[in-house]
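Remarks on the structure that follows.
The shown structure was predicted, so the numbers you read here are calculated from the model rather than taken from an experiment. Only heavy atoms go into these numbers, but all of them, side chains included; no hydrogens, no water, no symmetry mates.
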Amino acid sequence: MAFTTHPETRVGHVHLRVSDLERAISFYSGVLGFELQQRFGTEAAFLSAGGYHHHIGLNTWDSKGGTPPPPGHTGLYHTAFLYPDRTALAQVLRRVLEAGIPLEGAADHGVSEALYLSDPDGNGVELYRDRAPEDWPRDAEGSLKMVNSRLDVEALLADAG
């Protein structure tokens, strides 16, 4: 019999090895707006949204001055950050563009709108917002039918307020 995890289980946080702690803090806090909760000297930091103990851990314990893994190797594809609504997603998009960080992709998946970029260490980052479940695309049998359509980034940006 297959085991199914509890439906309220969520990914609690991501902990990343980075090459330069200050540069990583500048990206995750200065650009994306996560709040610095705690530092462990010059080697680790913990950041969050809304005062949680941490959603993002950053450390240089085994990676100070390191380089990203080369293409074709295993590892983290991306970390995805869920924003509560389209306005919040548009606001972080504006911050990313103002910081000169290029988007590597933008997609409308039917269930969500997503932006793709990389952090300073080459880790993939997805910034997205979900649509209401009743608006998710479904096939004739009622199964989820996600898509990978073009996202109008300019229209999203216009919603930044």
| Any chance the side chains of Q37 and S48 put a donor and an acceptor closer than 3.5 Å? | yes

| said: We want to know whether E104 and S118 form a side-chain donor-acceptor pair, criterion being a heavy-atom distance below 3.5 angstrom. | reply: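 Yes, side-chain donor-acceptor contact under 3.5 Å.
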
| Under 4.0 Å between a Lys/Arg side-chain N and an Asp/Glu carboxylate O for K64 and D20? | no

| request: Run the salt-bridge test on R94 and D159 with the 4.0 Å N-O cut-off and return the result as yes or no. | output: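 Looking at R94 and D159, the cut-off is not met.
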
| Side-chain cluster (under 4.5 Å, hydrophobic types only) that L82 belongs to, other residues |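 Same cluster as L82: Y128.
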
| message | Who clusters with F3? Use side-chain heavy atoms, under 4.5 angstrom, across I, L, V, M, F, W and Y, and order the result by chain and number. | response |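 So far as hydrophobic clustering goes, F3 is joined with none.
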
Rounded to the nearest 0.5 Å, how far does [atom2] of [Y] lie from [atom1] of [X]?
X	Y	atom1	atom2	result
L16	D119	CG	CG	6.5 Å
S29	I56	OG	CD1	9.0 Å
L32	L47	CG	CG	10.0 Å
R150	D152	CZ	CG	5.0 Å
N59	T42	CG	OG1	11.5 Å
S19	D121	OG	CG	3.5 Å

| field | Flag, side chain of R10 to backbone of P7, donor-acceptor distance under 3.5 Å | value | yes

| query | Does E22 offer a backbone N or O that forms a donor-acceptor pair with the side chain of S26 under 3.5 Å? | reply |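 Side chain of S26 to backbone of E22: a pair is present.
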
| task | Return yes when atom CD of E134 has more than 12 non-hydrogen atoms of other residues, nucleotides or ligands closer than 6.0 Å, and no otherwise. | result | yes

State, yes or no, whether a side-chain contact exists between [X] and [Y] at a heavy-atom distance under 4.5 Å.
X	Y	answer
E113	R86	yes
L58	R17	no
L93	Q91	no
L127	V96	yes
R131	D108	yes
I101	F27	yes
L144	V111	yes
E43	T60	yes

| message | As a test of understanding, state which of H13, H15, H55 forms a ring-ring contact (aromatic ring centres under 6.0 Å, His included) with F46. | response |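 That would be H15; it is the only one of H13, H15, H55 passing the ring-ring contact (aromatic ring centres under 6.0 Å, His included) with F46.
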
| Which ring pair (Phe, Tyr, Trp, His ring centres under 6.0 Å) pairs, counting each pair once, include a residue from residues 67-93, with sequence neighbours left out? | F34-F81, H78-Y116

If you compare all heavy atoms of [X] against all heavy atoms of [Y], which two are closest, and at what distance to 0.1 Å?
X	Y	result
Y52	G12	CE2-O, 4.1 Å
D139	K145	N-CB, 4.1 Å
V31	A99	CG2-CB, 3.7 Å

